[in-house]
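It should be emphasised that the depicted structure is a prediction, and the values quoted were computed from it without experimental measurement. Just so it is clear, the values below take in all heavy atoms, side chains as well, and ignore hydrogens, waters and symmetry mates.
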Amino acid sequence: YLKLISAVSTSGNSDMYLMPALLSNVDNLAAKLEEIRGNEHLPPLCISFDGGCVPSGVFCSLVATLLQKGWKLCMKDEKPYCCFRNCITFSYQRRTITLVDFYSHFSIYMCIPTFANALKISPLTIRNIIHDSIKHLQCTTLSFQDAIRCPSHPEAAHVALWHLPEPSDEEEYYTCTVDDTCTGSMPGDYQIWRKVQPPAPTPPHLVTQSDQSSTLTESISHSPAPNPGKYIM
């Protein structure tokens with residue numbers, strides 16, 4: 001089944017509701033992507049579906065499902081920072097994650113981990129949450145696969161599928177979804193999406209009691225006030 005609506009938590013209260021399918025598309029997706037990429041994100045992980053397009057309703061249902069799992073809309077000046085039908089930014093476990101629906105596939109953008117939040121949640125965990133959420137939509141014919149922006153056609157709309165060969169000790173590779181002759185070894189910077197990474201060392205000055213108090217104070221001061229009964233459409 002597909003999810004149509006989800007409560008949105010604000011200051012700990014579920015008093016707002018989001019219907020992703022009723023949101024407008026972002027006016028200038030190219031400009032929004034430039035803004036997203038300018039924030040030092042990891043190389044985006046793509047999700048490709050059989051048939052070469054995202055099944056109708058899946059992206060919006062995924063958004064509703066993630067909200068039910070505790071993901072929050074990324075807020076700026078007490079308003080959603082990026083909340084469109086085809087492009088939405090979440091805050092989860094102190095990570096900023098943006099999902100973009102390209103209709104032929106969708107992409108996951110995630111901020112590069114810093115020392116301060118490197119131990120919070122990994123890109124692999126984010127990937128697994130999204131995979132599980134898609135599977136739980138219970139669409140019996142829904143088949144999907146990890147993909148990347150085709151290294152040979154970086155500006156094109158299509159992607160390249162990410163293959164895990166058998167046996168597993170062989171090299172991972174990609175194949176373009178448009179040009180069968182376009183194939184190659186997986187770029188190493190994408191491995192963070194599929195492999196457990198060793199924890200980054202945390203500099204001592206980032207774990208002091210003073211810094212922890214400052215972080216808590218900043219978090220409280222930026223928390224939006226609840227707005228009972230408000231719907232986002």
Side-chain angles (χ1 to χ4, degrees), residues 8 18-67 71-92 95-114 123 126-127 129-131 133-134 144-162 174-180 182-184 186-193 232-233:
V8 179
L18 177 70
M19 298 182 70
L22 297 184
L23 296 171
S24 61
N25 286 335
V26 61
D27 290 333
N28 190 333
L29 182 57
K32 178 59 68 175
L33 289 177
E34 285 300 317
E35 179 183 333
I36 292 171
R37 292 168 182 162
N39 290 334
E40 297 188 8
H41 281 66
L42 299 172
L45 178 67
C46 303
I47 304 293
S48 178
F49 295 82
D50 283 357
C53 64
V54 179
S56 178
V58 167
F59 184 82
C60 292
S61 294
L62 173 62
V63 169
T65 299
L66 293 175
L67 289 169
W71 291 38
K72 301 181 185 300
L73 295 178
C74 188
M75 307 296 285
K76 182 178 182 180
D77 298 328
E78 299 188 4
K79 296 180 180 179
Y81 162 68
C82 176
C83 187
F84 301 94
R85 199 223 65 82
N86 60 334
C87 184
I88 189 163
T89 300
F90 292 100
S91 177
Y92 180 67
R95 291 292 181 87
T96 301
I97 304 145
T98 300
L99 302 184
V100 183
D101 185 4
F102 289 98
Y103 301 101
S104 60
H105 65 281
F106 60 79
S107 295
I108 309 165
Y109 292 84
M110 184 173 178
C111 282
I112 294 176
T114 64
I126 294 297
R127 168 192 173 270
I129 291 173
I130 291 176
H131 273 221
S133 298
I134 296 173
F144 61 94
Q145 182 175 345
D146 286 339
I148 63 174
R149 295 169 61 190
C150 184
S152 300
H153 309 89
E155 301 304 321
H158 62 272
V159 297
L161 299 180
W162 186 344
Y174 68 85
T175 57
C176 180
T177 54
V178 173
D179 182 0
D180 292 339
C182 178
T183 185
M186 277 297 302
D189 53 352
Y190 281 91
Q191 294 299 327
I192 193 171
W193 287 105
I232 303 176
M233 297 184 180

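The aromatic rings of Tyr92 and Trp71 lie parallel to each other, with less than 30° between the two planes, well short of the 60° mark.
For the pair Met110 and Ile126, the minimum side-chain heavy-atom distance is below 4.5 Å. Residues Leu33 and Tyr109 meet the side-chain proximity criterion, which asks for heavy atoms closer than 4.5 Å. Counting heavy atoms from C-beta outward, Cys176 and Ser152 have side chains that stay 4.5 Å or more apart. Annotation: side chain of Leu23 is in contact with side chain of Cys83 (closest heavy-atom distance under 4.5 Å). Counting only heavy atoms from C-beta outward, the side chains of Pro123 and Arg95 approach each other to under 4.5 Å.
No donor-acceptor pair under 3.5 Å is formed between the side chain of Ser133 and the backbone N or O of Leu62. Looking at Asp146, its side chain never comes within 3.5 Å of a backbone N or O of Leu45 through a donor-acceptor pair. Using modelled atom types, one side-chain atom of Thr183 and one backbone atom of Tyr174 make a donor-acceptor pair closer than 3.5 Å.
Counting all heavy atoms, side chain and backbone alike, Pro43 lies closest to Trp193 at O-NE1, 2.8 Å. Between Arg149 and Pro44, the shortest heavy-atom contact is CD-CG, 3.7 Å. Across Cys60 and Arg85, no two heavy atoms sit closer than the pair SG-NH1, 3.2 Å. What you find for Val100 and Phe106 is that their closest heavy atoms are O-CB, 2.9 Å. Nearest heavy atom pair, residue Asn86 against residue Asn25, reads OD1-CA, 3.4 Å. Nearest heavy atoms, Val58 versus Val54: CB-CG1, 4.2 Å.
Of the inter-residue distances, the one linking Ser48 atom OG with His105 atom NE2 reads 8.0 Å to the nearest 0.5 angstrom. To the nearest 0.5 Å, atoms NZ (Lys72) and CG (Leu66) are separated by 13.0 Å. Distance OG/Ser107 to CD1/Ile148: 11.0 Å, rounded to 0.5 Å. Here the CD-CE distance, from Gln191 to Met186, works out to 6.0 Å after rounding to the nearest 0.5 Å. With rounding to the nearest 0.5 Å, the separation of CD1 in Ile130 from CD1 in Ile108 is 3.5 Å. In this structure, Thr65 OG1 and Ile129 CD1 are separated by 12.5 Å, a value rounded to the nearest 0.5 Å.
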* Asked: Hey, mind stepping through His158 and Cys150 against side-chain contact (heavy atoms from CB on, under 4.5 Å) and telling me if it holds?
  -> CA-CA 7 Å; His158 62 272; Cys150 184; 4.3 Å; yes

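A side-chain donor from one of Thr98 and Thr89 sits under 3.5 Å from a side-chain acceptor of the other.
With ring centers used as reference points, His131 lies under 6.0 Å from Phe144. Aromatic pair Phe59/Tyr103: centroids not less than 6.0 angstrom apart.
Under a cutoff of 6.0 Å and an axis angle of 45°, Lys32 and Tyr81 form a cation-pi pair.
The environment of Asp27 atom CG is sparse: at most 12 non-hydrogen atoms of other residues, nucleotides or ligands sit within 6.0 angstrom.
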